Enquirer: 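Take this structure, written in C-alpha cells, and hold onto it; I'll ask about it next.
Only this structure's heavy atoms are used, side chains among them; waters, hydrogens and symmetry mates stay out. What you are looking at is a predicted structure, and each value in this text was computed from that prediction instead of being measured.
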Amino acid sequence: MGSAAFAAAIAGALRRDFPVGGVKTVAGLTLANERAVKNWFDGRNAPSGEFLVMLCRHSDQVLETFLTLSGRPGLVSAKKLVDARLKLREMLAILDELESR
C-alpha cells in the first residue's frame with residue numbers, strides 16, 4: 001500500500017467518525033495544527049505515528065482502519081465483539097432499572 005492509499009483510508013475513517021466539525025474536533029483531541037488535520041481529512045497527507053496513535057485513542061474508525069490495513073482483521077472482529085457486549089450490558093442495566101420502578 002502506498003502513502004496516497006494510506007492517507008485516503010485514514011481520511012475516510014476520520015470523515016466517518018467525525019462527519020460534522022471534524023477538523024476542529026480532531027485538532028483539539030490531538031493538539032495538531034488545524035491545517036495538518038484538514039490535510040488528513042482531505043487525504044492529502046496521513047498523520048505521523050504519534051498523531052495516528054492519538055487518533056486511535058479517540059476514533060474507533062481510525063483504529064479499525066489501521067488494524068485492517070495492518071492485516072489484522074481478527075483484531076477488528078474481537079474489538080467489535082467486545083464493543084457489542086459492552087452495549088448489551090448497558091441496555092440490560094437500563095431494562096433492569098425500568099423493571100424495578
Enquirer: Ignoring hydrogens and angles, tell me if any N or O in the side chain of Arg89 forms a donor-acceptor pair with the backbone of Arg85 under 3.5 Å.
Expert: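 Side chain of Arg89 to backbone of Arg85, a donor-acceptor pair under 3.5 Å: no, none is there.
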Enquirer: State the CD-CG distance between Gln61 and Leu55, to the nearest 0.5 angstrom.
Expert: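 Separation between the atoms: 12.5 Å.
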Enquirer: With sequence neighbours left out, what residues match Thr25 under side chain to side chain contact (heavy atoms under 4.5 Å, CB included)?
Expert: Phe18, Leu29
Enquirer: Check whether any side-chain heavy atom of Leu67 sits under 4.5 Å from a side-chain heavy atom of Pro73, and report yes or no.
Expert: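 No - every pair of side-chain heavy atoms lies 4.5 Å or more apart.
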Enquirer: First locate atom NZ of Lys87, then atom NZ of Lys80, and finally report the distance between them rounded to the nearest 0.5 Å.
Expert: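 Going from NZ on Lys87 over to NZ on Lys80, the span is 10.5 Å.
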Enquirer: Using the test side chain to side chain donor-acceptor pair (under 3.5 Å), find all partners of Ser59 that sit at least two apart in sequence or belong to another chain.
Expert: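 For Ser59, the residues satisfying side chain to side chain donor-acceptor pair (under 3.5 Å) (neighbours in sequence not counted) are Asp17.
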Enquirer: Please list, chain by chain and in numerical order, all residues satisfying side chain to side chain contact (heavy atoms under 4.5 Å, CB included) with Asn33, sequence neighbours excluded.
Expert: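 Residues passing side chain to side chain contact (heavy atoms under 4.5 Å, CB included) with Asn33: Arg35, Ala36.
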Enquirer: What closest approach, in Å, do Leu63 and Cys56 show between heavy atoms, and which atom pair accounts for it?
Expert: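 In terms of heavy atoms, the two residues are closest at CA-SG, 3.8 Å.
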Enquirer: With sequence neighbours excluded, what pairs up with Ala9 under the side chain to side chain contact (heavy atoms under 4.5 Å, CB included) test?
Expert: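 In terms of side chain to side chain contact (heavy atoms under 4.5 Å, CB included), with neighbours along the sequence ignored, Ala9 is linked to Thr65, Leu69.
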Enquirer: Got a sec, which residues hit side chain to side chain contact (heavy atoms under 4.5 Å, CB included) with Ser70, two or more places apart in sequence or on another chain?
Expert: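 Side chain to side chain contact (heavy atoms under 4.5 Å, CB included) list for Ser70, sorted by chain: Phe66, Arg72.
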Enquirer: In the hydrophobic clustering that connects Ile, Leu, Val, Met, Phe, Trp and Tyr at side-chain heavy-atom distances below 4.5 Å, which members other than Leu98 occupy its cluster, ordered by chain and number?
Expert: Ile94
Enquirer: If every non-hydrogen atom of Gly43 is compared with every non-hydrogen atom of Ala7, which pair is closest and at what distance?
Expert: O-CB, 3.5 Å
Enquirer: Could you tell me which non-hydrogen atom of Pro47 sits nearest to which non-hydrogen atom of Leu52, and how far apart they are?
Expert: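 Distance-wise, the nearest heavy atoms are CB-N, 4.0 Å.
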Enquirer: Per the ring pair (Phe, Tyr, Trp, His ring centres under 6.0 Å) rule, what does the pair list look like for residues 23-42, sequence neighbours excluded?
Expert: Trp40-Phe51
Enquirer: Considering residues at least two apart in sequence or located in another chain, which fulfil the salt bridge (Lys or Arg N to Asp or Glu O under 4.0 Å) criterion with Glu97?
Expert: Arg101
Enquirer: Where do Ala27 and Glu34 come nearest, in terms of heavy atoms and distance?
Expert: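 The answer is CB-CG, 3.7 Å.
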Enquirer: With sequence neighbours left out, write down each residue that passes salt bridge (Lys or Arg N to Asp or Glu O under 4.0 Å) with Arg44, or none if nothing qualifies.
Expert: Asp42
Enquirer: Only counting residues at least two apart or in another chain, list the ones meeting ring pair (Phe, Tyr, Trp, His ring centres under 6.0 Å) with Phe6.
Expert: none
Enquirer: Salt bridge (charged side-chain N to carboxylate O under 4.0 Å, His left out): which pairs involve residues 3-14, sequence neighbours left out?
Expert: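 Salt bridge (charged side-chain N to carboxylate O under 4.0 Å, His left out) check on residues 3-14 returns no pairs.
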Enquirer: Can you name the salt bridge (Lys or Arg N to Asp or Glu O under 4.0 Å) partners of Lys79, sequence neighbours left out?
Expert: Asp60, Glu64, Asp83
